[in-house]
Amino acid sequence: MSFADLKYRKREKSGKSYVSSVQSVLPESPVPTSTISPQATTRTHAQTSLPAVFSNDNVPASSYNMFSSVPRTESVGIVTPPQETTRMGVPATASDRTTGTPSHEGANTPVTYESGMYKSLPSFLEIKESGQSGRGLWSKGSSVIRPGTTMLSLRPHVFSLSSSYLPSHCSGCAGSPDSGLKRCTKCRQVWYCNPACQNDDWSMHKPECSSLQNWAASAPSDTVSVPSDAVRCLGRILWQIKRKGANSIWAKEIWAMQSNRKIIQLSAVDAHTHLAQAVVRYLGLSSPAELEEYGIASTADLVDLISRFITNTVALTSPSLTPIGVFVSPLVALINHSCAPNVVVVFPRGQNKPEKEPAMKVIALKDIMPGEEVLMSYIDTTLPKDLRQNALRETYSFQCQCRACMESTMDVREVVWCPRSCGGTCSIPTEEKRISCCTICGAALTDPDAIIDAARIGQEAFDKATNLQSIDHHKAKQLTSNIIPVLISAGMTPSTHPLLALQKLHQMLLLSSFSSQLTQETLDETIRTAGKYSAGLTTILTEGHPVRAVALAELGKLLAVDEPYPPTPPPKSGSSFPPTGPARLKAAYETHLRARKELMIGFGRDAEGGEVGQSVRSTIVQLEKELGIWTSGIRNALEDVPRLPPRPFTG
Ligand SMILES: C[S@@+](CC[C@H](N)C(=O)[O-])C[C@H]1O[C@@H](n2cnc3c(N)ncnc32)[C@H](O)[C@@H]1O
């Protein structure tokens with residue numbers, strides 16, 4: 001019976017569909033339920049042995065590529081792109097949020113913070129509660145935690161790769177080896193590095209394997225033959241609860257995460273409903289009552305689980321910060337948000353054995369004083385305040401009151417250069433506040449309308465190019481190439497939104513059009529774009545922030561690319577960046593040194609800056625050798641110049 005049939009029969013029997021019962025436990029839910037495509041979901045028998053994953057039809061894994069950076073499209077959670085939404089709910093108060101166990105019998109003894117995963121909390125951290133943000137992690141003891149310190153290091157409870165990364169990454173360790181990934185011959189959807197990774201993942205993949213096969217068999221097209229990472233991750237959570245028992249510590253830790261069910265924004269109700277529908281269908285259930293064996297006794301429990309998932313899911317990232325999936329860790333889920341965070345969550349790799357991966361690390365970005373709260377960012381902090389606040393309300397149901405949101409000073413994410421070019425800046429004018437003056441000389445902007453228009457069309461072009469990038473790469477590049485000069489001539493600084501975001505996208509589009517016939521013009525344009533993007537980030541993000549560090553490493557790597565031969569003269573516009581010849585090599589070396597310093601903070605000193613830090617270190621060694629050859633070559637050449645004998649005096 002398909003899920004669509006289930007809805008229909010339920011309606012016949014009770015006049016109430018399961019879908020509408022999902023909506024009925026959500027707060028005021030006037031949003032009509034959209035239907036899902038009818039697909040057969042028969043309940044399958046669990047397999048008892050490992051399927052052979054080592055077939056001959058391997059798909060080669062992508063090689064490590066520091067330049068790859070793809071925007072997330074399919075997941076929910078911390079990485080959900082911000083949307084302009086009208087606020088419909090109210091800010092959460094501590095009593096609106098729920099934590100603890102589901103409503104059914106047998107799972108109602110709360111987890112204690114001395115058990116299970118909470119034991120991995122180091123002695124310098126503690127769990128405390130505040131009226132404004134609920135539970136959180138706080139520094140304790142008498143020592144200051146320094147930038148680059150690894151504060152937590154553990155494997156997530158559960159993770160799922162985004163569909164597009166399934167063929168290039170191991171579903172056991174999340175690594176992406178240069179070659180040799182083998183795929184599961186049963187479901188043909190997941191890949192592993194080796195039998196050890198497959199064995200390690202088997203308890204999760206065993207039930208998943210048949211569900212993936214059923215899903216693919218009933219998918220209307222190849223593009224939807226795998227459910228989203230969110231659905232697959234929820235499936236893994238439920239199978240694990242079933243396997244370990246609803247009263248297990250593992251299950252209780254999941255239920256101990258915060259649910260915002262009672263305060264979900266109306267704009268997010270549809271997303272919750274869709275996810276609930278898809279998960280039930282993915283599990284192959286013919287009746288919601290069957291959820292009982294997964295520790296879910298009522299529709300409210302299911303919606304609670306979905307809400308806990310959305311509120312607490314974090315992006316799984318590659319060592320160079322490409323979002324490649326989602327993960328859930330109840331310990332990391334205790335960390336509250338700030339738009340000026342003092343920690344980051346990264347997956348540095350480059351240190352552990354595969355069985356310890358994916359190793360998630362919480363790294364200090366700033367000095368954290370004893371008694372200070374540990375705060376990460378749930379959203380992209382390069383966005384201006386309005387977009388950040390909308391995203392936080394939409395997904396996490398709270399009104400951010402962090403220092404960055406409360407500051408009344410000018411925000412470097414929303415400024416234009418002084419019209420008199422004195423070096424100062426003016427806030428970007430808005431329809432409501434059209435007058436804006438320079439911070440240094442006080443000169444007022446002469447044409448605020450032109451700047452308001454530029455900001456609006458810049459945002460539209462960015463949205464359009466983002467959507468186009470995977471469909472029509474050329475058109476997307478044309479859009480970014482055309483709009484960037486418009487924003488620059490409107491006076492936007494490199495740190496201003498949407499110029500910063502457009503430079504990043506443009507850099508990505510240029511990089512993916514690199515070919516063996518790379519021209520100096522394309523290479524130089526990419527370097528200039530990477531330079532501007534990196535400069536923008538440097539203004540916004542704190543030193544050692546991994547996003548800033550990776551951008552510097554990418555710039556350094558570009559500067560180190562061999563210049564195409566024969567060299568072409570610099571553009572007539574007179575831009576002296578990037579330099580050519582030995583000066584370029586020197587700039588590459590210096591940029592790598594800066595990147596390494598920052599990577600050591602952002603990805604942790606103990607991991608030596610992670611995989612990217614280690615790769616940068618070996619490039620530094622190579623560049624030192626190359627620079628040494630240049631220097632000694634020049635010295636030799638100078639020494640080899642034959643000294644002319646003194647001219648004879650001819651009278
Ligand atoms: C990942 S949880 C963080 C841990 C949570 N406080 C708890 O008790 O489990 C995210 C939720 O915490 C609350 N929260 C996090 N940061 C906050 C902040 N800066 N201000 C207000 N509430 C916050 C919001 O309710 C948000 O949906």
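Positions are given from 1, in the same order as the sequence printed here. Order of appearance sets the numbers: ligands from 1, and atoms from 1 within every ligand.
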Checklist entry - Charged N to carboxylate O below 4.0 Å: is that the case for D200 and R155? => result yes
Item to check | Minimum side-chain heavy-atom gap V226-R232 below 4.5 Å | outcome: yes
Next on the checklist: Measuring from non-hydrogen atoms of C402 to any atom of ligand 1, is the shortest distance under 4.0 Å?
Outcome noted: no
Item to check | Electrostatic pair R236-E208, nearest N-O below 4.0 angstrom | outcome: yes
Item to check | Ligand-residue contact atoms, ligand 1 with I335, heavy atoms, under 4.0 Å | outcome: 3 (C)
Next on the checklist: Between ligand 1 and R135, is the shortest N or O to N or O distance under 3.5 Å?
Outcome noted: yes
Checklist entry - ligand 1 and N312, any nitrogen or oxygen pair closer than 3.5 angstrom? => result no
Checklist entry - With a 4.5 Å limit on heavy-atom distance, are the side chains of Y396 and N336 in contact? => result no
Checklist outcome for this item: With heavy atoms and a 4.0 Å threshold, my read on which part of F398 contacts ligand 1 is side chain
Checklist entry - Where the closest heavy atom to atom 23 (C) of ligand 1 is concerned, which of A256, C405, G134, S133 has it? => result S133
Checklist entry - Quick check: does any side chain N or O of R243 sit under 3.5 Å from a backbone N or O of M204, one acting as donor and the other as acceptor? => result no
Checklist entry - Considering only heavy atoms of N336, which atoms of ligand 1 have at least one such atom less than 4.0 Å away? => result 3 (C), 4 (C), 5 (C), 6 (N), 12 (O), 13 (C), 14 (N), 15 (C), 16 (N)
Item to check | Heavy-atom gap T395 to ligand 1 smaller than 4.0 Å | outcome: no
Checklist entry - What atoms of ligand 1 come within less than 4.0 Å of a heavy atom belonging to Q132? => result 20 (N), 21 (C), 22 (N)
Checklist entry - Which of the atoms in ligand 1, numbered in the order shown and given with their element, are less than 4.0 Å from a heavy-atom of L334? => result 4 (C)
Checklist entry - What about N260: any of its N or O atoms under 3.5 Å from an N or O on ligand 1? => result yes
Checklist entry - Are any of the N or O atoms of S397 closer than 3.5 Å to those of ligand 1? => result no
Checklist entry - At a 4.0 Å threshold, what atoms of ligand 1 neighbour a non-hydrogen atom of Y396? => result 24 (C), 25 (O), 26 (C), 27 (O)
